[in-house]
Peer 1: 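What follows is a single structure, and I will ask about it in a moment.
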Amino acid sequence: MPELPEVETVVKGLKDKIIGKQIESVTELRVNTLYNHTDENVWDCSEVIIDITRRGKYILINVGNRFNFVVHLRMTGKLVYAEHEQISPHTRAVINFRDNTLLQFEDIRTFGSIKAYNIDATDPAILKLGPEPLLEEFNANYLNEVLQKKKSPIKTILLDQTVIAGLGNIYVCELLYRINIHPLTLGNRLTKAEVKRVITATKEVLAEALIHNGTSISDFRNIDDKPGSFQKFLRVYQKKQCPKGHAIERIKIGGRSTFFCPICQKSK
DNA sequence: ATTGCTTCCTGAGCGC
DNA sequence: TGCGCTCAGGAAGCAA
């Protein structure tokens, strides 16, 4: 399940491989993968890839400074760069370049998509995103103000992309363990000191995961189909024991599996 | 306005 | 061996 570090890893790989390449065509192998929100036949444009950036979990491919291809990998989406076509049963779309290389969009569960927008427009969901966790704009003053109004569990709040952009289930479980906060703690019950710890732990866990090219649980791969390695450093997610040897508990919060240590994470 | 549940989808893992 | 069941999960859409 690609979260911020995994998406950022994909973006870095794309920058190395496809900047400057001219598009030949974009083809859809499964319906409801490509969405054209421009008024042009954008999938047949001959534009050049200018840049690739990230916002939250969204990948933004700048095409000829005229369009953005907005890619969301959701659960199982992958972008795979290839010198030769290697269509699999899960290939949903292919971006063909003039030099005969290509970028394949693979997606087992088919939740992902590629949406084209004019360069001055954007996906409405992106406009609603909260701050980037690794920037200074994600700070204790901001989060404290948001949490004061929230009566839902901190676990649920941190998964809300309009509060903070880019976190998913793995990193929220991990960061709450690191600061000994119980995932069911209500947002408005966190102390100012705890809010500061949330900020610090969020930035730390994401930075560490970035160094290791993300977490490859389920089937995350970078564009060379290589896995990340942060799964080696997980402390609670899908674990039986925390690093101190306590038994991990697994509960559902907001329909999501939540892993935590009932001994280390007591505040509630 | 805010919160929370359901839905989309397919493969893995499990019990029998 | 193989069938059927449950589960995983981001975020849109809808209901309360």
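Only this structure's heavy atoms are used, side chains among them; waters, hydrogens and symmetry mates stay out. Chain letters run A, B, ... following the sequence lines, proteins first, then strands; residues in each count from 1.
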Peer 1: Could you tell me the separation between the CG atom of A:D107 and the C1' atom of C:dA8, rounded to a whole number of Å?
Peer 2: 14 Å

Peer 1: When you compare the side chains of A:N118 and A:T38, does any donor N or O come within less than 3.5 Å of an acceptor on the partner?
Peer 2: no

Peer 1: Start with the C-alpha distance between A:Q104 and A:L79, add both sets of side-chain angles, then the distance that settles side chain to side chain contact (heavy atoms under 4.5 Å, CB included), and finish with yes or no.
Peer 2: CA-CA 6 Å; A:Q104 298 191 170; A:L79 288 169; over 6 Å; no

Peer 1: Under 4.0 Å, heavy atom to any atom of DNA chain C: which of residues 112-124 of chain A qualify?
Peer 2: none

Peer 1: With no hydrogens and no angle check, do the side chains of A:S46 and A:Q22 hold a donor and an acceptor under 3.5 Å apart?
Peer 2: no

Peer 1: Any side-chain heavy atom of A:I23 within less than 4.5 Å of one from A:R98?
Peer 2: no

Peer 1: Report all interatomic pairs (protein N or O, nucleotide N or O of nucleotides 4-7 of chain C) with separations under 3.5 Å.
Peer 2:
none

Peer 1: Counting heavy atoms not belonging to A:N100, are there more than 12 under 6.0 Å from its CG?
Peer 2: no

Peer 1: Tell me whether the side-chain N/O atoms of A:K149 come closer than 4.0 Å to OP1 or OP2 in B:dA1.
Peer 2: no

Peer 1: What integer distance in Å separates A:I251:CD1 from C:dA8:P?
Peer 2: 13 Å

Peer 1: Using salt bridge (Lys or Arg N to Asp or Glu O under 4.0 Å) as the criterion, list what pairs up with A:E8, not counting sequence neighbours.
Peer 2: A:R54

Peer 1: How close or far is atom C1' of B:dT2 from atom CD1 of A:I157, stated in whole angstroms?
Peer 2: 11 Å

Peer 1: Going by the rule side chain to side chain donor-acceptor pair (under 3.5 Å), which residues pair with A:D120 if we only count those two or more places apart in sequence or in a different chain?
Peer 2: none

Peer 1: In whole angstrom, give the distance that lies between atom CG of A:L167 and atom P of C:dG9.
Peer 2: 15 Å

Peer 1: Does A:H72 make a side-chain N or O approach to OP1 or OP2 of C:dA11 shorter than 4.0 Å?
Peer 2: yes

Peer 1: Rounded to whole angstrom units, what separation is found between the CG atom of A:N188 and the P atom of B:dT2?
Peer 2: 13 Å

Peer 1: My understanding is that a hydrophobic cluster links ILVMFWY residues whose side chain heavy atoms are under 4.5 Å apart, including indirect links. Using that, what else belongs to the cluster containing A:I263?
Peer 2: none

Peer 1: What's the OH-P distance between A:Y35 and C:dA11, to the nearest Å?
Peer 2: 15 Å

Peer 1: Applying ring pair (Phe, Tyr, Trp, His ring centres under 6.0 Å), can you list everything that pairs with A:F138, at least two apart in sequence or on another chain?
Peer 2: none

Peer 1: List for me each residue that meets ring pair (Phe, Tyr, Trp, His ring centres under 6.0 Å) alongside A:Y142, sequence neighbours excluded, and say none if there are none.
Peer 2: none

Peer 1: Quick one: are A:I87 and A:V94 in side-chain contact, heavy atoms under 4.5 Å?
Peer 2: yes

Peer 1: For the helix from B:dT2-C:dA16 to B:dC16-C:dG2, what angle lies between the axis at the first five pairs and the axis at the last five pairs, to 10 degrees?
Peer 2: 50°

Peer 1: Where does the angle between the aromatic ring planes of A:H37 and A:Y117 fall among parallel (under 30°), tilted (30 to 60°) and perpendicular (over 60°)?
Peer 2: parallel

Peer 1: Quickly work out the A:D160 CG to C:dG9 P distance and round it to whole Å.
Peer 2: 18 Å

Peer 1: Out of A:V195, A:L175, A:L176, which residue meets the side chain to side chain contact (heavy atoms under 4.5 Å, CB included) rule with A:I181?
Peer 2: A:L176

Peer 1: Between P on B:dT3 and CG on A:L147, what's the gap in Å once rounded to a whole number?
Peer 2: 11 Å

Peer 1: Within the 4.0 Å limit for protein heavy atoms, which parts of nucleotides 4-11 of chain B are touched? Write it as a string from 5' to 3', B for base, S for sugar-phosphate only, - for none.
Peer 2: S---BBBS

Peer 1: Which side-chain N or O atoms in residues 156-169 of chain A pair as donor and acceptor under 3.5 Å with protein atoms at least two apart or in another chain?
Peer 2:
from   : atom 1 : to     : atom 2 : distance (Å)
A:D160 : OD1    : A:T162 : N      : 2.9
A:D160 : OD1    : A:T162 : OG1    : 2.7
A:D160 : OD2    : A:T162 : OG1    : 3.4
A:Q161 : OE1    : A:G166 : N      : 2.8
A:Q161 : NE2    : A:L159 : O      : 3.1
A:Q161 : NE2    : A:L167 : O      : 2.9
A:N169 : OD1    : A:K155 : NZ     : 2.7
A:N169 : ND2    : A:S257 : O      : 2.9

Peer 1: List for me each residue that meets side-chain contact (heavy atoms from CB on, under 4.5 Å) alongside A:T101, sequence neighbours excluded, and say none if there are none.
Peer 2: A:K21, A:Y81, A:E83, A:F97, A:D99

Peer 1: Which atom pairs link the protein and nucleotides 14-16 of chain C when you take only N or O atoms and keep those under 3.5 Å?
Peer 2:
none

Peer 1: Does the side chain of A:Y171 come within less than 4.5 Å of A:P5's, by heavy atoms?
Peer 2: yes

